[in-house]
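A short worksheet on the structure shown next.
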Amino acid sequence: MTQRPPSPALDQLNKKRRFKDRLLWGIAACALIVIVIPIIWIISQVVSKAIPHMSMSVLLTNTIGNGGGLKQAIVGSITLLVLVGAIAGVTGIGAGIYIARYAPRAIAGFLRSTVEILAGVPSIVVGFVGYIALVVGSHWSFSIWAATIVLSAMVVPYIAKATEVSLRGVSDSLREAGEAIGLRDSLVLRKILIKSASPGIVTGFILALAISVGETAPLLYTAGWSTTSPTFSLKHSPIGYLTYPVWTFYDFPVKSASYLALEAAMLLIILVIALIALAHLLRHKLSKNLPQSL
Amino acid sequence: MSIRGRYKKGVGVVLIGIAITAAACSSSSSPKASSKSSPSTSAAVASSQSSSNPLDSLESYLPSSQNVSLTETGSTLLYPLFNVWVPEFQAHYPNYSVTTNGTGSGTGISSASNGTVQIGASDAYLSNSQTSATPGLMNIPLDISAQMINYNIPGLSSSTNLKLTGGLLAKMYTGKITNWNDPAIAQLNPGVTLPNLTIVPLHRSDGSGDTFLFSTLLSDTDPSGWGTSVGEGTSVSWPTVPGALAENGNGGMVSGCQKTPGCIAYIGISYQSQTQGTLGEAQVQNKSGNFELPTSQAIAAEAASFASSTPASGAISLIYGPAQDGYPIINYEYAIVMKTQRSATVAQAVKSFLAWCMDPRYGSVPSNLAKVSFQPLPPSAIAVAAKELASITG
Amino acid sequence: MSTHTSSTQGLPFSPLRGSPLSASPKGQLNSSKYPYRVFLGLARWWRAVVEQSPQYLSAVLGAIPFLALVAIVIILFHEAFPAIKVNGGGFVTHSKWSVGSEYANPIRRDGVATPVGATYGAWPLILGTLEASALALIIAVPVSLLSALIVVEKLSARASRWVGVFLEILVGIPSVIYGLWGALTLGPFLAHHLAPIANHIPNVPILRFFRGPTYNGEGLLTAGVVLGIMIIPIIASTARDLIRQVPASLKDGGRAIGMTDFEVSRKVIWPWIKSGIVGATFLGLGRALGETMAVLMTCGAVLGTTAHSIFSNMNTIAATIVSQLDSAQTDGTGFAVRSLAELGCILIVITLICNIGAKLLLSRATHDTTTT
């Protein structure tokens with residue numbers, strides 16, 4: 001190899017190139033910080049303002065007017081979480097299975113597009129339609145049922161998409177091996193496909209639930225608001241939920257009201273982070289001992 | 001004396017009233033009430049309230065012993081009072097549960113008419129199109145409220161109450177007067193040093209009875225200007241004023257105004273305890289040319305001038321009345337209720353709850369109303385309300 | 001029916017024991033006693049049902065998203081139709097939003113009952129929606145792109161997993177909490193710290209837009225920043241997946257001829273992911289356009305005016321629907337609700353265009369990868 005003759009111009013150029021390189025990564029690192037800052041800022045603001053007013057009574061008493069606790073809202077949010085989990089979970093996972101495994105190519109492509117488009121429909125539009133069609137149109141009033149259906153319509157696409165992507169990610173060799181030893185179709189689906197895809201499905205499912213628990217706009221006009229614990233009647237009876245006090249009370253000029261808003265915000269953050277942690281924990285647990293391929 | 005005791009005595013009064021007049025109406029008063037009521041109730045209450053109190057005939061509205069849950073939504077002006085009423089009422093009648101919502105009069109009216117709630121609260125009475133679109137929808141007066149005109153001018157002492165007229169307010173909200181040092185304001189307020197500060201008009205972003213009251217005042221005082229260009233309603237098309245802010249609910253108006261130097265806002269009087277000390281409160285010119293603060297006397301004076309003309313439907317504007325020393329922005333607070341309820345139990349519950357609320361001996365005792373600076377209904381308005389209540393069926 | 005009773009007698013000897021799974025030859029089973037054969041027929045039928053059921057059941061479930069989408073669109077447009085007829089083209093060009101006089105008798109226009117003086121012009125809302133979303137993209141796209149780049153190219157697997165968790169938290173934080181933070185913390189912060197600096201900007205056309213009075217901190221800038229933060233995870237995770245698809249051989253090739261990482265990013269990665277990034281941007285835009293609560297709490301929510309500076313109050317379509325739906329219902333003719341439905345139609349059309357555009361661009365981007 002020949003020694004390159006020293007060239008000040010080239011050195012200059014290289015220096016410039018190296019500088020540009022460093023600059024890029026410096027800016028990129030700043031971009032990462034920009035992602036992290038709001039999270040820390042939001043969470044620390046909410047938590048530091050809410051903590052001084054937190055006590056067990058917040059969890060154990062119902063809201064009274066614009067004061068009191070948040071018991072019924074917590075119970076309501078969890079009720080909705082469970083119902084949406086059941087309805088959207090079954091629908092979304094089923095739809096994902098159909099698209100990934102059974103649907104003919106053309107139909108699969110079509111349904112995949114519908115799922116993506118449905119995911120893109122703004123939540124307030126879903127809520128508005130729910131209000132017109134269910135709350136008023138079907139005379140259900142503000143009700144658990146209307147809220148559940150609207151929330152489910154919003155999160156089904158996420159679950160379906162996660163299911164489909166995870167199922168398609170299962171290595172073909174695994175599936176073919178199952179089929180080759182003569183496993184019935186339903187067993188291939190259950191023991192091979194769903195089992196291998198379960199980390200992805202479960203994560204997608206739980207993250208979708210985390211999104212549903214933080215919805216406000218579609219609930220304002222479907223769930224209404226209640227200061228009593230949810231009844232078992234699915235229609236005609238409004239239900240409390242945690243996002244309502246945040247929106248309604250945050251700028252209310254009464255101390256007890258703004259405390260409620262902050263406490264509800266803090267509980268929401270805790271709930272969401274707990275769900276995300278749960279998703280990761282389950283993913284970790286489920287993907288252990290799982291053959292990636294043959 | 002505990003509230004509970006007071007109401008029990010009230011029940012006694014009611015029962016005595018029934019016994020004396022031997023009312024022909026089916027005496028279905030609940031055993032619970034009759035067994036607990038003591039016949040030794042003070043005659044003073046009865047005499048002071050006069051035996052002609054129309055609510056005395058509301059004996060059949062006494063709460064039943066069944067478990068009922070009601071939902072109220074609407075006016076944020078009435079919301080603080082409902083929050084006084086409900087715990088007190090529930091302490092008395094544990095079988096009742098009432099959920100209150102401060103969402104705005106717009107929601108109150110619509111939710112009552114489409115049946116999503118039993119009781120809608122509104123500062124505005126129903127319009128023709130609403131009553132024709134939903135036959136059977138009633139507005140029942142509960143109490144008398146007023147609206148404050150508040151401002152946030154740093155440096156102005158809180159004992160100074162600026163004098164403002166409806167016409168001046170209309171000019172502020174149309175952007176014709178944009179600075180607090182405008183000569184038109186100074187002329188009304190000699191001796192007050194007004195700063196060079198941009199006026200920021202605040203209005204409600206949600207459908208609101210307060211907007212209705214305020215825009216009615218502006219229409220009444222400036223009929224050729226505001227009256228024709230904007231008009232009145234629970235949500236009006238606000239003229240474009242640079243910097244104008246929209247706030248959600250009376251609560252939002254209070255906190256918005258506190259955050260915004262130079263603001264002018266219309267706020268329900270039930271928020272007076274929050275505005276006092278933090279916001280200025282204007283003296284508003286009435287029809288006779290006098291400048292008045294929303295004191296209980298001024299509100300009562302204004303109410304008295306309208307009381308006898310309250311129609312059977314309860315729908316009447318009490319804005320800009322003829323009273324010499326009346327405050328010009330007052331109104332009936334209404335419960336918006338459907339004549340036909342889902343069941344007889346619910347109908348009964350609605351009647352008893354509302355009758356209890358408006359009764360100056362129970363829900364509307366001065367000590368309760370003082371918390372929100374409201375005034376009780378005059379007897380003639382109670383008569384109208386009682387008749388409306390009586391027509392609710394299951 | 002006698003066969004039935006006899007077949008139940010056979011229950012203790014479960015025919016499933018003899019199912020093909022346990023590898024018993026078929027003929028052997030068929031030669032067994034008569035009642036067993038009937039039972040076996042039933043069992044086979046039942047198994048066929050079980051065997052096929054995931055297929056049919058999932059097909060039914062698979063149709064639900066499609067049906068939901070169709071139902072949403074039909075109900076929305078059905079509700080909006082009379083308003084579309086009466087409001088006409090002026091709906092998208094005019095600025096006045098007025099419910100009309102509630103206390104006068106309604107009139108009929110084009111066969112539709114409306115209050116006197118009801119006029120609906122959504123221009124400020126459409127413009128406001130686009131402005132806030134544009135501001136959000138200006139913030140979110142570079143941040144997302146650069147952080148995706150550093151995650152893929154520089155960070156360890158462990159660190160990039162953590163970034164992934166942060167992105168999930170950003171998605172998971174409820175919209176109202178972004179709104180709460182925007183209204184109580186970020187808005188006042190921008191009003192007190194950024195606006196005084198911005199006011200050094202000369203007061204000349206165009207630049208004038210970046211300065212102005214701030215009032216209570218709510219306004220276009222606050223809404224745009226909050227929206228920008230909210231859509232970062234969507235764009236960043238899509239960009240990350242795209243960058244991961246760039247073949248290592250190409251990047252190594254670039255480095256082998258002496259390119260710096262910056263040059264590799266610009267000359268190798270960027271051309272490869274370009275169209276995909278446009279797709280990701282559209283995806284983020286679709287989310288920003290439809291975001292409701294966070295915007296409602298931070299935008300100032302005034303009706304009928306367009307923003308004259310980045311600090312001034314404004315409103316978006318989604319925020320208007322949620323804040324006006326209650327007062328709209330005081331309109332006894334129902335026309336106000338129908339006009340809101342028309343707003344919803346505009347919103348859904350814009351977001352659909354965005355999402356379909358995103359899908360086309362992204363699928364082309366991934367298609368490129370597979371063919372090259």
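Only a predicted model underlies this, so the values are computations on that prediction, with no experimental measurement involved. We name chains A, B, ... by the order of the sequence lines, and we start the count at 1 in each one.
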Would the B:Phe353 and B:Tyr96 ring centres measure less than 6.0 Å apart?
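Between B:Tyr96 and B:Phe353, which both carry aromatic rings, the centre distance is not below 6.0 Å.
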Between A:Phe252 and B:Tyr271, is the ring centre distance below 6.0 Å?
->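 For A:Phe252 and B:Tyr271, the ring centres are under 6.0 Å apart.
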Check your understanding: Is there side-chain contact between B:Thr73 and B:Thr116, with heavy atoms separated by less than 4.5 Å?
Key ->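 No, side chains not in contact.
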Side chain from CB out, backbone as N, CA, C, O: work out which of these in [X] comes under 4.5 Å of a heavy atom of chain A, or both, or neither.
X	value
B:Thr107	neither
B:Glu247	side chain
B:Thr71	side chain
B:Val98	backbone
B:Phe82	neither

With a 4.5 angstrom heavy-atom cut-off, which part of [X] approaches chain B: side chain, backbone, both or neither?
X	result
A:Pro238	side chain
A:Tyr221	neither
A:Tyr250	neither

- Item | Side-chain donor-acceptor pair present, B:Glu281, B:Gln272, cut-off under 3.5 Å |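 Yes, B:Gln272 and B:Glu281 have a side-chain donor paired with an acceptor closer than 3.5 Å.
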>> Would you say A:Thr228 and A:Ser226 are linked by a side-chain donor-acceptor pair, where the criterion is simply a distance under 3.5 Å?
In response: yes
Has B:Ser69 got a side-chain atom pairing as donor or acceptor with B:Ser97's backbone, closer than 3.5 angstrom?
no
